[in-house]
Every structure is written in C-alpha cells, then in structure tokens.
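All values derive from a computational prediction rather than experimental measurement.
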Amino acid sequence: MAILALDQGTSNSKALLVAPDGTVLASRARSMRVDHPKPGWAEQSALDIRDTIVGLIDEVVAAAPDVSVAAVAIANQRETVVLWDADTGLPLGPAVIWQCGRSAERCAALREAGHADDIFARSGLALDPMFSAGKLAWLLNSVPGARDRAAAGTLRAGTIDSWLVWQLTAGAIHATEPGNAARTQLFNLDTLSWDAELARLFDVPLAILPKIQPSDSHFGSVAPGLTALPDATPIHAVLGDSHAALFEHIAASGAQVKATMGTGSSVMAATDRRIHSTHGLSSTIGWSRGDIAQHAIEGNIMVSGQAAAFATELLGLTDETALTDLAATVDDSAGVVFVPALAGLGAPHWCSDARGTISGLTLATRPAHVARATFEAIALQIGDVLVAIEADLGRPFGEMSVDGGAARNDLLAQLLADLLDRRIVRPRVAEASALGAARLAAEALGLTRTDTAPAPADSFHPSLSAARRKAIHHHWQSAITRALRPEPVPSAPE
C-alpha cells in the first residue's frame with residue numbers, strides 16, 4: 001500500500017510511490033520547459049504540464065507493479081495560473097508562471113490608486129506581479145472573447161493544483177485548498193474564503209474560481225482509462241509545494257523554519273496565528289485539516305537555484321557541477337557580488353523593476369570568483385528573508401532546515417551555515433514536498449506512520465570568521481541597493 005505523490009514544479013515534475021512509513025518505493029522525474037516570450041515574461045504549456053504528470057503516473061506505476069496505490073497526493077508550483085474551457089478542458093493560453101512580470105502595469109496602477117495597503121491587509125501579500133490575480137486578469141483581457149465566455153459560465157481558472165485536479169478527474173472536480181488559494185491574492189486570510197473586493201480590484205469574476213476545501217479532503221477520483229491507476233483511485237491531499245515541504249519538515253524533525261531551494265526559494269515558518277508582517281514578508285495559509293487552518297509566514301525569492309543555471313550558461317560551463325567545482329577553487333569571491341534579480345526581487349524587497357547586477361570586478365577577477373559569488377548570492381538572499389522572519393516573530397532561530405534540488409549542493413549548504421551564522425540541517429531524503437503531500441494523504445486515510453526517530457540528516461556548522469561575514473554582508477547590501485535602482489534600458493536604434 002502506498003501513496004502516489006505528484007510534485008509538479010517549475011523546472012521538474014516528479015512522481016513518487018511513498019509507503020506509509022515514508023519509504024520511497026519508486027520515483028520518476030521529467031524536466032519542464034519554461035518559455036520567455038518577452039523580457040520579464042515567463043510561461044509554460046498547461047498541456048505539457050498535464051501530459052507530463054499523466055506520463056509520470058504511468059511510469060512510476062509500471063516501475064512498481066506489485067504496489068497497491070491507496071490515493072494520489074498533489075504538491076504543486078504556486079501562483080502559476082491557467083484559464084481553460086469548461087467543456088473541452090483545453091487551456092485558452094499559456095500557464096502564466098509565478099516568475100512572470102506581465103501584470104506589472106496592473107499592479108502599478110492599483111498601487112498608484114492607493115489600493116496596496118488594503119490588498120495587503122486582506123490577502124497578506126504584497127502587491128506584486130508574482131501572485132496570480134494580476135496574471136489571471138491579463139489572460140481574461142488578452143484572450144479574445146474570454147470575458148464574454150467567463151460571463152456565460154463556460155470558463156474555469158485556477159492554480160496548477162486546480163488544473164491537475166480538473167484534468168485527472170476529467171472535469172468532474174473544480175477545487176483548490178486554502179494554501180494554494182492564499183497565494184492568488186484573491187483570498188481573504190481572515191475569512192478564509194474568496195474575497196469579493198479583491199476580485200473587483202483585479203477584475204476577476206469569482207464564478208470561474210474553484211471551490212475551496214480542506215487540504216486533506218477528497219478531491220474526486222482519477223478518471224477511468226486516463227492513467228494506469230485502478231478505477232476510482234482517490235485524490236486525497238493537495239498542497240502547494242513549499243507548504244508540503246514545511247508540513248514534512250515539522251512532522252519528520254520538528255523543524256521550526258525551513259528553506260525550499262528550487263528555481264526560486266521559499267523560506268517559511270509555521271505560526272499559531274496570522275502575522276501582519278512589517279518586514280516585507282507574506283502571511284499565508286500553510287494547509288488546512290478539516291476546519292483547522294495552519295497559518296505561516298513566508299519570504300519568496302524569485303531566482304535562487306536558477307541563478308546557478310544562469311551562471312553556468314554565462315560562464316560557458318557544461319553543467320552546474322562544473323560551476324560548483326569552479327567555485328570551490330577559490331576561498332572567497334574576492335569582492336565580487338552577484339545580485340540575481342533576473343526576474344525582479346521578491347521578499348523582503350518586492351521590486352519587480354530590479355535588475356541583476358555583477359559588481360566588484362577588478363583585473364584580478366576570475367570566472368571562479370563569479371561562480372562563488374553566485375552561490376553566495378543564493379545564501380545571502382535566504383539570509384535576508386530569515387532575518388525578516390526573525391524580526392516579525394520577535395525571536396531568533398538557532399538552525400534552519402533545507403530541502404529542494406539546490407540544497408543537495410554541499411558548497412551551498414556550507415555557505416548557508418557560514419553566511420547565516422547558524423546550523424543548517426539537510427534531510428537525506430530530498431523530496432520534502434512530495435513526502436509532505438504523501439504524509440498528509442496517508443494520515444487522512446488513517447494509514448499510520450511508523451516514524452520512530454527523526455529522519456537521517458546532514459548538518460553544516462558555521463566556520464567563517466565574524467569579520468569576513470560582516471564584510472560580505474556589507475558588499476551584498478550595497479549591491480542590493482544598486483539593483484533596486486535600475487538604470488533605464490536604452491531602446492535599440494530604429
């Protein structure tokens with residue numbers, strides 16, 4: 001008996017068969033393509049997302065034919081939004097992903113009209129193109145006839161969890177859960193429901209949005225013949241990927257704060273109530289179990305692990321292992337600072353106009369210094385968010401747990417310990433998002449976990465002198481200030 005956990009991410013999609021004790025019985029993964037049709041825009045094919053997930057289900061079931069699947073659980077990239085036809089199930093445009101800045105003008109107009117504070121008070125989210133509401137408004141305005149079709153009741157919209165639930169149930173279920181809903185900027189954190197005023201401000205009709213139900217509830221059954229799964233296999237847990245990772249960290253080791261490092265990074269801590277951040281963070285819902293919602297506070301970084309991929313290409317290296325090896329040939333970045341504001345800056349700065357910079361170059365600078373500065377930047381961004389979380393909660397954290405693809409890099413993990421000046425704990429099973437979703441589904445079904453001790457983990461301890469750490473932070477803050485004041489990009493000559 002196992003849970004089939006789907007982890008649909010920006011760079012990769014994965015399927016894992018997870019036993020009730022957390023053992024991964026089989027897993028499969030596929031990389032995902034991201035398109036950038038214009039500077040600052042980012043999108044994926046919604047059909048590719050669906051087809052990849054269906055293919056992975058079949059692959060992982062075939063890999064373990066003797067394993068009985070009790071339920072499907074979903075963890076998904078958040079804020080990415082899809083608009084589709086309710087009759088055909090086909091998307092009307094791309095999946096506009098969380099990194100996309102195409103709704104920047106709408107956000108700017110709402111800010112200039114004085115709505116930013118009210119939007120933050122209702123949703124817990126800064127007014128930024130990252131969140132789904134502006135992207136959905138863009139789709140409704142850009143697809144010919146979409147507004148009329150929405151009014152006629154023939155369109156549906158939602159984040160990737162809703163899109164996958166609709167597709168896997170052949171259109172029988174249009175639903176989401178509070179954690180994903182809380183990332184749309186259309187959800188009210190106080191009422192735990194869609195907010196009519198937010199919908200009015202963003203010009204999004206509430207009728208096209210999914211029903212909100214508990215994260216551990218029944219989200220229908222996988223349609224017969226769609227996959228290799230037996231008929232009526234239930235979908236029994238849905239979570240945002242970062243939320244699922246936090247759920248797993250808390251349950252497996254009692255971690256109080258974690259950083260999920262993938263394409264971007266999410267630094268998140270569970271809280272006993274809604275926190276009204278005064279340090280540039282988001283209040284959100286982690287998950288709900290029945291009528292009980294778990295609050296959390298979070299800082300989102302737009303480009304994190306993706307900075308390493310960018311630097312790898314920029315330096316003409318074969319892969320990110322080569323980037324790591326190059327960075328390890330020098331003891332420091334020799335004053336070079338890379339600010340990877342390649343899709344603007346998220347928390348705690350929230351500046352969609354910010355641009356990436358590489359500064360501190362001298363005639364002595366070598367590619368290795370740029371490589372090391374890349375990994376320092378990933379760590380320093382996470383450190384900025386962690387400091388903000390500590391300030392909002394009024395207490396320090398002596399350690400932080402990490403997960404995600406970038407967390408497997410020992411050099412980066414050690415830099416996190418050195419630059420954040422605290423212990424970094426890395427569970428040896430990397431797939432925290434999939435494991436968290438599987439755990440929630442298993443518990444909902446009454447499949448008892450048999451964990452008897454914290455999961456095995458690697459630890460990284462600070463080894464950098466206070467003076468060197470202070471100097472690196474000083475250069476970093478100076479570089480951030482420059483990135484937040486970008487020069488206008490000159491137009492190409494006619």
Flag for Gln306-Thr263: side-chain donor and acceptor within less than 3.5 Å: no
Listed partners of Glu43 passing side-chain hydrogen bond (donor to acceptor under 3.5 Å, both in side chains), at least two apart: Arg102
Side-chain donor-acceptor pair present, Ser333, Arg372, cut-off under 3.5 Å: no
Residue pair His36, Val34: steps toward the side-chain contact (heavy atoms from CB on, under 4.5 Å) verdict: CA-CA 7 Å; His36 302 277; Val34 178; 3.7 Å; yes
Close side-chain approach of Leu464 and Ile472, heavy atoms under 4.5 Å: yes
Arg78 side chain to Thr159 side chain, donor-acceptor N/O pair below 3.5 angstrom: no
Determine all donor-acceptor pairs shorter than 3.5 Å in which one atom belongs to a side chain in residues 385-393; sequence neighbours excluded.
{"from": "Glu390", "atom 1": "OE2", "to": "Phe397", "atom 2": "N", "distance (Å)": "2.8"}
{"from": "Glu390", "atom 1": "OE2", "to": "Arg422", "atom 2": "NH1", "distance (Å)": "2.5"}
{"from": "Asp392", "atom 1": "OD1", "to": "Thr278", "atom 2": "N", "distance (Å)": "3.0"}
{"from": "Asp392", "atom 1": "OD1", "to": "Thr278", "atom 2": "OG1", "distance (Å)": "3.4"}
{"from": "Asp392", "atom 1": "OD1", "to": "His279", "atom 2": "ND1", "distance (Å)": "2.8"}
{"from": "Asp392", "atom 1": "OD2", "to": "Ser277", "atom 2": "OG", "distance (Å)": "2.5"}

Approximate separation, where rounding is to 0.5 Å, of Cys107 SG and Leu127 CG: 4.5 Å
Plane angle bin for Phe131 and Trp350 - parallel if under 30°, tilted between 30 and 60°, otherwise perpendicular: tilted
Ile297 vs Arg274 side-chain heavy atoms within contact, under 4.5 Å: no
salt_bridge(Asp418, Arg469) N-O dist < 4.0 Å: no
Pairing of Lys135 and Glu79 as salt bridge, 4.0 angstrom limit: no
Chi angles and distances behind the salt bridge (Lys or Arg N to Asp or Glu O under 4.0 Å) call for Lys258, Glu248: CA-CA 10 Å; Lys258 65 87 196 175; Glu248 178 64 17; over 6 Å; no
NZ/NE/NH1/NH2 to OD/OE distance under 4.0 Å, Asp35 and Arg33: yes
Pair Thr260, Ser266: side-chain N/O donor-acceptor within cut-off below 3.5 Å: no
Closest heavy-atom pair and its distance - His295, Leu189: CE1-O, 4.2 Å
Distance-only donor-acceptor check, side chains Thr324 and Asn409, under 3.5 Å: yes
Exercise: do Glu298 and Ser282 side chains pair donor with acceptor under 3.5 Å: no
Donor on one side chain, acceptor on other, Ser132 and Thr184, under 3.5 Å: no
Non-hydrogen side-chain atoms of Asp403 and His249 separated by less than 4.5 Å: yes
Test side-chain contact (heavy atoms from CB on, under 4.5 Å) applied to Ile53 and Ile74, step by step: CA-CA 10 Å; Ile53 287 296; Ile74 297 173; over 6 Å; no
Donor-acceptor side-chain pairing of Asn180 and Glu177 below 3.5 angstrom: yes
Residue pair Leu484, Ile480: steps toward the side-chain contact (heavy atoms from CB on, under 4.5 Å) verdict: CA-CA 6 Å; Leu484 290 169; Ile480 285 286; 3.8 Å; yes
